[in-house]
Trainee: 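Structure below; questions to follow.
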Amino acid sequence: MSEFAKYEKKWQKRWKKDKVFEADPDPRRKKFFLTVPYPYTNGALHIGHGRTYTVGDLIARWRRMQGYNVLFPMASHMTGTPILGMVERIKAGDPKAIEQYKRDLRLYFETEEEVNAQLAKFVDPWVTASFFAKVISQDFDALGYSIDWRRKFTTGDKTYNKLIEWQYQKFMEKGYIRQGNYPLLYCPNCGNPVGEDDLLQGETAKIKEFTAIKWPFEDGYLVAATLRPETIFGVTNMWINPKATYVWAKVDGEKWVISKSAAEKLRLQAKEVEVIEEFSGAKIVGKKFRAIHDDHEILILPAGFVDPTNATGVVYSVPGHAPFDYIALRDLWDNPSGLAEYGISAEVVRGIEIISMIDIKGYSEFPAKDAVESRDIKNQHEDGKLEDATQEIYKAEFYEGLMKENCGQFSGRSIKDVKDDVIAWMKENNSCDVFYEPDIRPVICKCGTDVQVGVFAGQWFLDYLSPGWKDKAWKALNEMSIVPETFRNLFEATFDWLTQRPCARKRGIGTRLPFDPDWIIESLSDSTIYMAFYTIAHHIHGNKIKPEQLKYEFFEYVFIGKGTPKKVAEKTGIDLDLLKTMRNEFKYWYPNDQRHTAPSHISNHLSFAIFHHVAIFPEKYWLKMISLNEHLIMEGGKMSKSKGNVIPLVEIPKKYGADVYRLYAVSAAEPGSLMDWREKDVPTVKNRLRQFMDIVGKYGKKEPKVYAKKDKPKTVTLWFQSRVNTIVKQATEFLESFKLRDFAIMVTSEMNRVISHYLKRSEVPKQEMEGAMAYACDIWVRLMAPITPHASEELWSKMKREGYVSLAKWPTPNKKLIDIESERSHDVVESTIRDIREIVRLMKGKKTTQVHLYVAPEWMFDAMRSIREANLPLIVGNIMKHLMTNPEFRKHGKEVKFIVDRIAKENGLWVHSRSARSERQVLLDSVKHISAEVGLDVVVHASDNVTYDPQNKARFALPGRVSLFIE
RNA sequence: GCGGGAGUAGCCAAGCCAGGUCAAAGGCGGCAGACUUAAGAUCUGCUCUCGUAGGAGUUCAGGGGUUCAAAGCCCCUCUCCCGCACCA
């Protein structure tokens, strides 16, 4: 158990008891509405999830301390397939699924009996989802997240369904929804589309779209599938596998010749297929078909390499540009003996002329021939080499090839531009269709069946290309803050690429489409505007409003302001005042000021959220800001259950302490980069927290006092007060610009450094030091509160402060105390100490007793100021001229050159005190300190009155660069 | 393939957009010292190379360019990471 657990629990309880984070509208205060996407509750969360929620909480806490009325709510996500899938696997007794859940359950139960008892209940997705929703909310509390839990809901709630129904009715009204064909991986045995998780093999498979070209043949078509439809102009023959089974089939009313297995696939691809006749490929070898572009007759040849289970099992041959075709034809030329049985003479085959139809630099007229010969491919059985040759030619021709003059209206155009036009042209002439295949083979379903491509007719899409939609979304994006700004590119790329997206499915948990209840809205499409639901969720369940009361008119009124509350109250039976309250509460909180999550959601969830908001809400309710933090890795590598290196969220407070984790999570990496969790760095973080607690614990209880100049404090006290306020200023600026790591370093390392330095200064009287320290601690404990709320709360109460530090005022820098001059002077002292040390080190053991410090003459300080004020470019001549016009400096001509040369060399002015007097004074004030640091007696001289300088060192002094003599 | 991003000292990681104040923050590791019976913890200093006077030299994936001046801007090359649609 971590040493922090006891007081962490204590404060979590008190926050809850006093409803510290429950936020209600307060017109007198500015609001800040922050959301982090709700977790998906199909299992326990891990340390990586914690990073995002911790950052979210940091923002919430900081804004709250800044005086904003902060709403930071949370809900849980259960729509979609994963929970349902797991439940089914548990029911089926799948040992892997059972073990996975047991592993998660053991985190929450002591005994194996309890684990099994809970697991036994996981036969209902609702039970699974609500169990994990519950434990995740406990985990969040244990990490100190300042969430208003009154507003929680799940995406499976009936009331939530009503929101989504309204949303999709709105989309329908606007014409943003359409139906169409959609191909996806499909298991014919299960009768379902399959996703990555459903696959045994080929998990990464994507769908490849072939163009099926319908070559006129007898009273129908010979249908050959290709990825290179532009090559129809180079066709010389057709390849048919004489040993394979083909069919004549009626496909959507037309007669097609395709392989038998292709006919079965087409049935799944939303085609009407009726097999008329089955026959062996040999039967049509030797027959003729007609070309698409000029109708001439072409021969069908036998080819063993044609795979009837790939695409249509019919291949048209372009030997000039396809290595497989070239080598197959060459093989027949070399050995035509097998042709006789099909009634094809050797002469006819030898008479086939290879056609060159693509012009490409660096190749002969037949690139396929070049590629085959350069690889020394002997025959059509060298698959690997042929595949390689095909890739080479395909790529080269696609990017650099031009259609030759024999390509009709497409002549002269580049392949990559012309491809789609060729397809369009064939489509117009009813010469082609589409045929889908998985891009890799085999793809096997968990049920053991070979997965095919299924085409869903009537699939519902959200059409992001609907007129006007994208323009509005762009406007929203352009006006929104994206932090870190580097991620904006990713949004822009996504916006460009979004076209149509299926928004409903046939399976899973979710909301049914109101206008087509066979379909269930898929889980990324039902979580885009729900932030609005937080503003009223507690009223809905608090007043036991029934789902059927949440009619279309209800949401129209509460979210859009349409209709009158009176009419809506009549229609829904909801109390009139309650309706008004909800409308007002929505108006108070909305829009969502900041949404924080991980960049992996940019290409879907976050972009959809922007699109859906602009579709539904008026401009003033669009998202204001999206902030992002990257994922977390473990000891330099990916986290994965198989590696066993996943730390569950629930263990973090026990193992490390919530505050330690939080501090690590914000200080180990800036949000924009991956964070590496390294166990050996944890003690350092813990130590930083302990130092903070020790110091504030010791000095925080004293009476804070601010020292003004008139109080005649030590100069180092003025420096200290200045540094503390500078830290407040910079820390706040870092938060504003979302540089969370810099913020964390500033309020831990830097603050600690400044404090330890001050504590070392023995010249400061005890009372003065305690007063100044108490002042600093009062600020420090508040600066740390967003990161380490429990420790800060504990200290705050020990300091006998009113209320909770979580609600205390965020420190603002006291400009009067920021004294750049004293910070500069301090730097001069520190650099002097460094210089002394360096010289002593270089003197290698020679006995040293005393150091003499010589400050530069006053006029040099005047010269530096004069240069700064003149704001001259860094050109020696100009600066010289500038100084020499002043008779005061002219007196020191030679030394002026010395100082100006130095300025040129250093590329500008450097840190120094305001005047020789003040520089000397600071050194005098620090004699004790310098002496203690370097172990030498210290004598400070003024260079206009040097009484002792045996080695004539004083003349090297410059402002800020004290000259030294060590003896 | 398409799209996005990254390569910084022994390691991790800031800096890059707005070039000079950068031998480059912070941390880890290492070395030395203090404290301690000792170890650990903690604290202090050092940690690219050279240097018996505060200085000099060489660095920011590799190559080229722009500039008085480049880790930073431009071009090319190499290497690595992430997303690509029904999966949340």
Trainee: Any strand is fair game: report the nucleotide pairing with B:A18 by Watson-Crick or G-U wobble, both distances under 3.5 Å, or none.
Mentor: none
Trainee: What is the distance, to the nearest angstrom, from the NZ atom on A:Lys760 to the P atom on B:U44?
Mentor: 7 Å
Trainee: With both distances under 3.5 Å as the test, what is the Watson-Crick or G-U wobble partner of B:G1?
Mentor: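 Paired with B:G1, as far as the under-3.5 Å criterion goes, is B:C84.
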Trainee: Between the side-chain atoms of A:Glu838 and the base atoms of B:G51, is any donor-acceptor pair under 3.5 Å?
Mentor: yes
Trainee: Could you tell me the separation between the CG atom of A:Asp681 and the P atom of B:C28, rounded to a whole number of Å?
Mentor: 7 Å
Trainee: Determine the Euclidean distance between corresponding C1' atoms of B:A23 and B:A71; express it in Å to zero decimal places.
Mentor: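 Straight-line distance between the two C1' atoms is 12 Å.
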Trainee: Between B:A6 and B:C16, how far apart are the P atoms? Round to whole Å, please.
Mentor: 12 Å
Trainee: Are A:Thr684 and B:G27 close enough that a side-chain N or O sits under 4.0 Å from OP1 or OP2?
Mentor: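 No, no such contact exists.
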Trainee: Start at the 5' end of RNA chain B and walk down; is the nucleotide closest to A:Asn687 or to A:Leu964 reached first?
Mentor: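 Result: A:Asn687.
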Trainee: Regarding A:His77, tell me which of base, sugar-phosphate or nothing describes its non-hydrogen contacts under 4.0 Å with the strands shown.
Mentor: sugar-phosphate
Trainee: As a test of understanding, state which of A:Phe495, A:Phe171, A:Tyr464 forms a ring-ring contact (aromatic ring centres under 6.0 Å, His included) with A:Phe608.
Mentor: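 The residue from A:Phe495, A:Phe171, A:Tyr464 that satisfies ring-ring contact (aromatic ring centres under 6.0 Å, His included) with A:Phe608 turns out to be A:Tyr464.
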Trainee: Can you see whether A:Asp526 engages A:Thr79 through a side-chain donor-acceptor pair at a distance of less than 3.5 angstrom?
Mentor: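 A:Thr79 and A:Asp526 do have a side-chain donor-acceptor pair below 3.5 Å.
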Trainee: Output the single nucleotide from B:A25, B:G4, B:G54 whose closest atom is nearest the side chain of A:Asn489.
Mentor: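 Looking only at heavy atoms from C-beta outward on A:Asn489, the closest nucleotide is B:G4.
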Trainee: Side chains of A:Arg761 and A:His757 only: does a donor on one sit below 3.5 Å from an acceptor on the other?
Mentor: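 The criterion, which ignores hydrogens and geometry beyond distance, is satisfied for A:His757 and A:Arg761.
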Trainee: To the nearest angstrom, how far is A:Glu492 atom CD from B:G3 atom P?
Mentor: 15 Å
Trainee: Paired with B:G33 by Watson-Crick or G-U wobble geometry, both distances under 3.5 Å: which nucleotide is it?
Mentor: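 B:G33 is paired, partner B:C43.
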Trainee: So which one's nearest nucleotide on RNA chain B is more toward 5', A:Ala493 or A:Ile966?
Mentor: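 Upstream on the strand: A:Ala493.
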Trainee: Base, sugar-phosphate, or nothing: which does A:Val851 touch, judged by heavy atoms less than 4.0 Å apart?
Mentor: nothing
Trainee: Once you apply a heavy-atom cut-off of 4.0 Å, does A:Pro193 come out as touching a base, just sugar-phosphate, or nothing?
Mentor: nothing
Trainee: For a quick check of understanding: with a heavy-atom distance under 4.0 Å over all strands, which category does A:Phe965 fall into, base, sugar-phosphate or nothing?
Mentor: base
Trainee: Applying a 3.5 Å limit to both distances, which nucleotide forms a Watson-Crick or G-U wobble pair with B:G51?
Mentor: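 Check on B:G51: unpaired, no WC or wobble geometry under 3.5 Å.
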Trainee: For the pair made of CZ in A:Arg741 and C1' in B:A25, what is the distance, rounded to whole Å?
Mentor: 9 Å
Trainee: Side chain of A:Ser673 only, heavy atoms from C-beta on: which candidate in B:A14, B:G54, B:C46 is closest?
Mentor: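 In terms of side-chain proximity for A:Ser673, the closest of B:A14, B:G54, B:C46 is B:A14.
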Trainee: Using a cut-off of 4.0 Å on non-hydrogen atoms, how would the nucleic acid contact of A:Ser603 be classed: base, sugar-phosphate, or nothing?
Mentor: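 Answer is sugar-phosphate: A:Ser603 comes under 4.0 Å of backbone atoms only.
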Trainee: Is A:Ser527 touching bases, backbone alone, or none of the nucleic acid, heavy atoms closer than 4.0 Å?
Mentor: nothing
Trainee: How far, in whole Å, is B:G19 from B:U67 if one measures between their P atoms?
Mentor: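 Going atom to atom, P in each nucleotide, I get 16 Å.
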Trainee: Between B:C11, B:G26, B:C87, spot the one nearest the side chain of A:Ser749, thanks.
Mentor: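 The listed nucleotide nearest to A:Ser749's side chain is B:G26.
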Trainee: For B:A61, which nucleotide in any strand shown is its Watson-Crick or wobble partner with both distances under 3.5 Å?
Mentor: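 Pair assignment: B:A61 / B:U77.
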Trainee: Any side-chain heavy atom of A:Tyr176 sitting closer than 4.5 Å to one from A:His612?
Mentor: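 No; the side chains remain at least 4.5 Å from each other.
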Trainee: Counting only side-chain heavy atoms from C-beta out, which of B:C28, B:C87, B:G26 sits nearest to A:Pro82?
Mentor: B:C87
Trainee: Just checking A:Tyr664 against A:Tyr656, ring centres under 6.0 Å apart?
Mentor: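 No, they do not, as the ring centres are separated by 6.0 Å or more.
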Trainee: When the C1' atoms of B:G29 and B:C81 are considered, how many whole Å apart are they?
Mentor: 26 Å
Trainee: Within the structure shown, what part of the strands sits under 4.0 Å from A:Arg505 by heavy-atom distance: base, sugar-phosphate, or nothing?
Mentor: sugar-phosphate
Trainee: Can you check the A:Phe608 CZ to B:A88 C1' distance for me, whole Å?
Mentor: 11 Å
Trainee: Taking the P atom of each, how far is B:U36 from B:G55, in whole Å?
Mentor: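 Roughly 38 Å separates the two P atoms.
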Trainee: B:A85 P sits how many Å from A:Phe495 CZ, rounded?
Mentor: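 In whole Å, B:A85 P and A:Phe495 CZ are 19 Å from each other.
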Trainee: Is the shortest heavy-atom distance from the side chain of A:Phe491 to the side chain of A:Ile626 under 4.5 Å?
Mentor: yes
Trainee: I'd like the C1' distance from B:G72 over to B:C22, given in whole Å.
Mentor: 11 Å
Trainee: Under 4.0 angstrom, heavy atoms only, what part of the nucleic acid is A:Arg507 near: base, sugar-phosphate, or nothing?
Mentor: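 The residue A:Arg507 makes sugar-phosphate contact but no base contact.
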Trainee: A:Arg753 near the nucleic acid: base, sugar-phosphate alone, or nothing, with a heavy-atom cut-off under 4.0 Å?
Mentor: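 It contacts sugar-phosphate atoms only.
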Trainee: Using atom P of each nucleotide, how far apart are B:G27 and B:U79 to the nearest Å?
Mentor: 36 Å
Trainee: Between the base of B:G27 and the side chain of A:Ser667, is one N or O donor paired with an acceptor at under 3.5 angstrom?
Mentor: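 There is none.
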Trainee: Within the 4.0 Å heavy-atom criterion, would you say A:Gln500 contacts the bases, only the backbone, or no part of the nucleic acid?
Mentor: base
Trainee: Salt bridge between A:Glu670 and A:Lys739, side-chain N to carboxylate O under 4.0 Å?
Mentor: no
Trainee: So, A:His605 and A:Arg595: side-chain donor and acceptor under 3.5 Å apart, yes or no?
Mentor: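 Result is yes, a qualifying pair exists.
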Trainee: Please state how far atom CG in A:Asn604 lies from atom P in B:A88, giving the value in whole angstrom units.
Mentor: 11 Å
Trainee: With rounding to the closest Å, how many angstrom separate the P atoms on B:C76 and B:G83?
Mentor: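 Here B:C76 and B:G83 have their P atoms 27 Å from each other.
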Trainee: Taking CG from A:Leu674 and C1' from B:C82, how many angstroms apart are they, rounded to a whole number?
Mentor: 9 Å
Trainee: Searching all strands shown, indicate the nucleotide that pairs with B:G72 (Watson-Crick or G-U wobble; both distances under 3.5 Å).
Mentor: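 B:G72 is paired with nothing.
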Trainee: So, does A:Thr748 use its side chain to make a donor-acceptor pair with the main chain of A:Ala744 at under 3.5 Å?
Mentor: yes
